[in-house]
Amino acid sequence: MKATVDPDYCTGCGVCVDICPDVFHMPENLAIASETIPADYEDDCQEACDQCPVEAIQIEK
Ligand code: F3S
């Protein structure tokens, strides 16, 4: 699984970082995602994707 955050959509709300801090980071005002998602974090990563209010997170399985 891979996750990416589209910086054109991300508003920096931080929901993804709250749900899955091992994958999503916010070094500045926008979130970025680890390139490859360890299997243990896939469910949380999917939850972060589902909860993003602007659907900025894309997941590739
Ligand atoms: Fe951005 Fe969505 Fe996360 S708006 S900070 S990618 S929850």
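What you are looking at is a predicted structure, and each value in this text was computed from that prediction instead of being measured.
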>> The criterion is side chain to side chain contact (heavy atoms under 4.5 Å, CB included); which residues satisfy it with Met1, sequence neighbours excluded?
In response: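 So Met1 forms a side chain to side chain contact (heavy atoms under 4.5 Å, CB included) with Ile37, Glu42, Cys45, Gln46, Ile59, Lys61.
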>> List the residues meeting side chain to side chain contact (heavy atoms under 4.5 Å, CB included) with Leu30, not counting sequence neighbours, and say none if there are none.
In response: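 Listed in chain order: Pro7, Cys10.
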Interatomic spacing from [atom1] in [X] to [atom2] in [Y] - rounded to 0.5 Å:
X     : Y     : atom1 : atom2 : result
Glu28 : Met26 : CD    : CE    : 11.5 Å
Cys20 : Asp44 : SG    : CG    : 5.0 Å
Cys52 : Phe24 : SG    : CZ    : 8.5 Å
Thr4  : Glu35 : OG1   : CD    : 8.0 Å

> Between Tyr41 and Asp22, what is the shortest heavy-atom contact and its length?
Replying inline: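 Nearest pair, atom of Tyr41 first, then Asp22: CE2-OD2, 3.4 Å.
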>> Can you give me the closest heavy-atom contact between His25 and Ser34, atom names plus distance?
In response: NE2-OG, 3.8 Å
> With ILVMFWY side chains joined below 4.5 Å, transitively, what does Ile19's cluster contain besides itself?
Replying inline: Val15
> Would you call Val5 and Cys16 a side-chain contact if the rule is heavy atoms closer than 4.5 Å?
Replying inline: no
